[in-house]
Amino acid sequence: MTSFARDAMSGRRVLVTGASGGLGRHFAETLAAHGAHVIVAARRPAALEEVVGAIRASGGRASAAALDVRDTASVETAIAASGPIDVVINNAGVALTRPALETDDAAWHDVIDTNLTGVFRVARAASRAMAGDDRGGTIVNIASILAFRVAKQVAAYGAAKAAVVHLTQSLALELAAKRTRVNSLAPGYIATDLNRAFLASSAGEAMVKRIPMRRFGNATDLDGALLLLASDAGSYMTGTTIVVDGGHGIAWL
């Protein structure tokens, strides 16, 4: 548990996309543990119900919303049905590791549509709802260290995440007058069930040597930045990206 007060998100309704597993689930559980009513959203209803059950079993408040960020109607329907939303954690995304010259149009468009256009669809629908309620709100877009440094075989993913950072700034500039803050969180290499095998491989061992803190991150390492951006502690922050990467980015300077 972080040093933030347990009620830091009390009274807030938070929509977390891509919350059926991985970092999205962790974000939802963290925010619920700090008092939020969390609306977990993703394409897999069965997985969402398991997340909701786990949060409720821990004493938190949660509900589920079927949502596909690649489908505008799905996004708008889910947000309209979720009731008032104070905070959005725009986390849904897909990864693609493939040489650029072997990335066909379909694969490229899938990554861009999910990781960039999907972020825009959710932010657009949520900010319209927030403006309609005349309450404003907070949007946290999940970017990546790869928005700022280049790696091989992730051209589509890196391009999308770099664009998310720019989109965050553009939305922040436009939505400030509507009392909606927009920031982004850029994790470095964080150990999850999806990448543990790679991080434990020889390639992963070589990579960790390039990180000044000499370790990969854990999901809990993101909690402080997440809560800062999502809560009133960051009430004068907008258009900002917080990088949490163990110093990996500066090691390339």
Side-chain angles (χ1 to χ4, degrees), residues 16-28 41-44 47 67-71 89-122 140-168 184-222 225-226 241-253:
V16 183
T17 68
S20 57
L23 290 181
R25 175 171 181 164
H26 177 77
F27 294 152
R43 292 179 292 169
R44 297 182 292 157
L67 183 154
D68 184 349
V69 300
R70 301 170 302 177
D71 185 318
I89 310 299
N90 227 338
N91 168 76
V94 295
L96 176 69
T97 303
R98 188 178 301 174
L101 299 187
E102 297 175 16
T103 301
D104 59 22
D105 285 2
W108 174 272
H109 287 304
D110 183 53
V111 174
I112 298 300
D113 193 34
T114 303
N115 293 15
L116 174 58
T117 312
V119 167
F120 174 69
R121 290 187 184 104
V122 172
V140 181
N141 297 324
I142 305 304
S144 167
I145 184 180
L146 291 172
F148 303 102
R149 60 172 293 269
V150 178
K152 295 179 180 178
Q153 302 193 54
V154 288
Y157 183 86
K161 292 300 186 178
V164 164
V165 171
H166 195 95
L167 174 64
T168 296
S184 59
L185 171 60
Y189 286 87
I190 306 296
T192 67
D193 290 340
L194 293 178
N195 65 14
R196 289 185 199 281
F198 166 75
L199 298 184
S201 69
S202 58
E205 291 175 357
M207 181 183 293
V208 78
K209 293 177 181 178
R210 299 196 293 269
I211 300 174
M213 293 184 72
R214 293 298 189 270
R215 71 175 178 88
F216 295 114
N218 298 306
T220 54
D221 290 321
L222 302 174
L226 175 74
T241 297
I242 297 180
V243 178
V244 183
D245 68 350
H248 197 171
I250 59 173
W252 289 85
L253 296 178

Once side-chain contact (heavy atoms from CB on, under 4.5 Å) is applied, do any residues pair with A200, and if so which ones, sequence neighbours excluded? none
Identify the two heavy atoms, one from P187 and one from L185, that lie closest to each other, and give their separation to 0.1 Å. CD-O, 3.3 Å
Assess whether a salt bridge exists between D221 and R215, defined as any Lys/Arg side-chain N lying under 4.0 Å from an Asp/Glu carboxylate O. yes
Within the side chain of D68, is there an N or O that forms a donor-acceptor pair under 3.5 Å with the backbone of R70? yes
Return the minimal non-hydrogen interatomic distance between I112 and A156, and the atom names on each side. CD1-O, 3.8 Å
Testing the basics here: between A251 and R210, what is the closest heavy-atom pair and its distance to 0.1 Å? CB-O, 3.4 Å
Counting distance only, does the side-chain N/O of R43 pair as donor-acceptor with the main-chain N or O of L67 below 3.5 Å? no
F148: what forms a ring-ring contact (aromatic ring centres under 6.0 Å, His included) with it, not counting sequence neighbours? none
Would you check if Y189 and L146 make a side-chain contact, meaning some heavy-atom pair closer than 4.5 Å? yes
Value for CD1 (I250) from CG (D245), rounded to nearest 0.5 Å, stands at 7.5 Å
Taking every non-hydrogen atom, the tightest pair across V244 and A225: CG2-CB, 4.0 Å
Rounded to the nearest 0.5 Å, how far does CD1 of I142 lie from OG1 of T168? 9.5 Å
Which residues pass the side chain to side chain donor-acceptor pair (under 3.5 Å) test with S184, sequence neighbours left out? T241
Taking all non-hydrogen atoms of both residues, which atom of A191 and which atom of L199 are closest, and how far apart? CA-CD1, 3.7 Å
Contacts of A219 meeting side-chain contact (heavy atoms from CB on, under 4.5 Å) (sequence neighbours excluded), chain-then-number -> L23, H26
Donor-acceptor contacts under 3.5 Å from residues 89-108 side chains, at least two apart:
from	atom 1	to	atom 2	distance (Å)
N90	ND2	V119	O	2.9
N90	ND2	N141	OD1	3.0
N91	ND2	T17	O	3.1
N91	ND2	G18	O	3.2
T103	OG1	P99	O	3.0
D104	OD1	A106	N	3.3
D104	OD1	A107	N	2.8

Contacts of type side-chain contact (heavy atoms from CB on, under 4.5 Å), residue A19, not counting sequence neighbours: V16, V40
In chain order, what residues pass the salt bridge (charged side-chain N to carboxylate O under 4.0 Å, His left out) check against R121, with sequence neighbours excluded? D113
Considering all heavy atoms of both residues, which atom of A47 and which atom of S20 are nearest to each other, and what is their separation? CB-CB, 3.8 Å
Check: F27 and L222 side chains under 4.5 Å, non-hydrogen atoms: yes
For residues 150-166, pull every pair meeting side-chain hydrogen bond (donor to acceptor under 3.5 Å, both in side chains), keeping only residues two or more places apart or in separate chains. none
Among residues at least two apart in sequence or on other chains, which ones pass side-chain contact (heavy atoms from CB on, under 4.5 Å) with A203? F198, S201
